[in-house]
**Student:** 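Below is the structure I would like to discuss, written out as structure tokens.
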2 protein chains.
Amino acid sequence: MSNFEALFDYIQEISGKLLSADDKHLLMEHFKPKKLRKRQYFLQEGDVCKYIGFIVKGSARTFTVDEKGHEHILKLSLEKWWLADFESFYLLTPSRFNIEALEDLEVLQSTNAQIEEYLKHIPAFSAMANVISQNYTIANQKRMQAAMSYTAEERYEDLISNYPHFLQRFPQNMIASYLGLSPETLSRLKKNSFK
Amino acid sequence: MSNFEALFDYIQEISGKLLSADDKHLLMEHFKPKKLRKRQYFLQEGDVCKYIGFIVKGSARTFTVDEKGHEHILKLSLEKWWLADFESFYLLTPSRFNIEALEDLEVLQSTNAQIEEYLKHIPAFSAMANVISQNYTIANQKRMQAAMSYTAEERYEDLISNYPHFLQRFPQNMIASYLGLSPETLSRLKKNSFK
DNA sequence: AAATGCGCTTGATATAAGTCAATTCAAGAT
DNA sequence: ATCTTGAATTGACTTATATCAAGCGCATTT
């Protein structure tokens, strides 16, 4: 119940529209609460990402494992973020990513087919989707630019100013991987930047 | 006139829906043909990206210039691609990017306000927008992964298999910058991969 | 035909970041 | 309380890529 309040608030806030009682009932009917304990997987490489999850509580990481066995974190996610490999979710192809809970995790999850229904029938939901799509496009553009043009140190500074809470919520080695750095390099970087 | 046929075909192909005669008239009313000669700018750093352009003919690059004066290409664009800095276009903020014609360029351009109208009134157009948004999300996810996890050589192989025509249309130093490499490094890379 | 500019290549060197290995430290488990 | 585990740090060394510099074709201009 209070899980759903978080989702309702989020949709209304982002879309700038109100949800009717009917809208809420429809959402509650098909978004299923799911709990994962720390270290459990929301999605495993090779599986199809059947569900998209809205994070009510906890955190997660989306990562790949390369041929040498090294992990690369593509996304770190917190409360009020959506959890999915969108390629797999949209196209129903096997995913190349793993999504793992970094803390005990509570999500509300739904299938692509249900999402299509929401988009059709709930104006606030489709308005939200449009805003999110814009935000994602902008964020991706920025992150890509940072990855291409910035040095390791600049990317770290950037992270600090854009997502300061990340430093509290995620261990350093995860941050390093997210920035495309080895844990050692990030450690040294921090030491030097204090001077 | 034949310019618009390219746009109409594109919208119908991507959306899977047909455009009515009214739809087409509406599009022709507000999409303006614009020609740029090679080396001219579609968008300059610091300006607001007032227009989104649909490329009918030609090619372009989107790039930033860092403090050291080095250019970094974020996007290489060809026929049937959309041209804009979406952050600036959506939010009307000054752009950090430059968009420059690499060949003589013909685009059909429109403002954000007009696009909103199309989304409201032309079903094929809004269906197209949804598909594009999905494709962008997927492409961004892939490119980000490539940038994080792949070596220079793997990124080049990746480019060859995903966009083989890029090699014909863009000079090598542009490809290098797009891959986040110096021209020298790409040159050496090619030599070694032949062995 | 000469001259200019430009993209590509090649060589020598510099630098940023990765790798491997050892140590410390804190947190959880027994 | 002790033991174990894993994160963070630090040092020594390696590697990938950038930088600087020179030279070579090739096209465009004069």
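Note that the structure is a prediction, hence the values are computed from the model and not measured.
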**Student:** Which one, dG18(C), dC8(C), dA17(C), comes nearest to the side chain of Asn173(B)?
**Tutor:** dC8(C)
**Student:** Could you report the tightest heavy-atom contact between Thr62(B) and Phe97(B), atom names first, then the distance?
**Tutor:** CG2-CB, 4.0 Å
**Student:** Closest to the Ala152(A) side chain: dA12(C), dT19(C), dA17(C)?
**Tutor:** dA17(C)
**Student:** Expressed in angstrom and rounded to an integer, what is the separation of Leu186(A) atom CG from dA16(C) atom P?
**Tutor:** 17 Å
**Student:** What is the distance, rounded to the nearest whole Å, between atom NZ of Lys191(B) and atom C1' of dT10(C)?
**Tutor:** 6 Å
**Student:** Taking CD from Glu184(B) and C1' from dG7(C), how many angstroms apart are they, rounded to a whole number?
**Tutor:** 11 Å
**Student:** Taking atom NZ as the centre, does Lys24(B) end up with more than 12 heavy-atom neighbours from other residues, nucleotides or ligands that are less than 6.0 angstrom away?
**Tutor:** yes
**Student:** Is the Phe170(A) to Tyr163(A) ring centre distance short of 6.0 Å?
**Tutor:** no
**Student:** Rounded to the Å, how far apart are Glu71(A) CD and dG18(C) P?
**Tutor:** 16 Å
**Student:** Would you mind telling me which of dG18(C), dC8(C), dT19(C) lies closest to the side-chain atoms of Leu181(A)?
**Tutor:** dG18(C)
**Student:** Just wondering, are more than 12 heavy atoms of other shown residues or ligands nearer than 6.0 Å to CZ in Phe54(B)?
**Tutor:** yes
**Student:** Does atom NE2 (His25(A)) have a neighbourhood of more than 12 heavy atoms from anything else shown, all under 6.0 Å?
**Tutor:** no
**Student:** Keeping the roles fixed (side chain from Ser133(A), backbone from Ala129(A)), state whether a donor-acceptor pair exists under 3.5 Å.
**Tutor:** no
**Student:** When the distance from CG of Asn192(A) to C1' of dA17(C) is rounded to whole Å, what number comes out?
**Tutor:** 13 Å
**Student:** Rounding to a whole Å, what distance do you find between Glu153(A):CD and dG18(C):P?
**Tutor:** 14 Å
**Student:** Using atom CZ of Arg188(B) as one end and atom P of dT13(C) as the other, report the distance to the nearest whole Å.
**Tutor:** 13 Å
**Student:** Extract, from 5' to 3' on DNA chain D, the first and final nucleotides lying under 4.0 angstrom from some heavy atom of chain A.
**Tutor:** dA7(D) to dA12(D)
**Student:** How close or far is atom P of dA17(C) from atom OH of Tyr156(A), stated in whole angstroms?
**Tutor:** 15 Å
**Student:** Determine, for Arg37(B) against Asp104(B), whether the closest basic-nitrogen to carboxylate-oxygen distance falls under 4.0 angstrom.
**Tutor:** yes
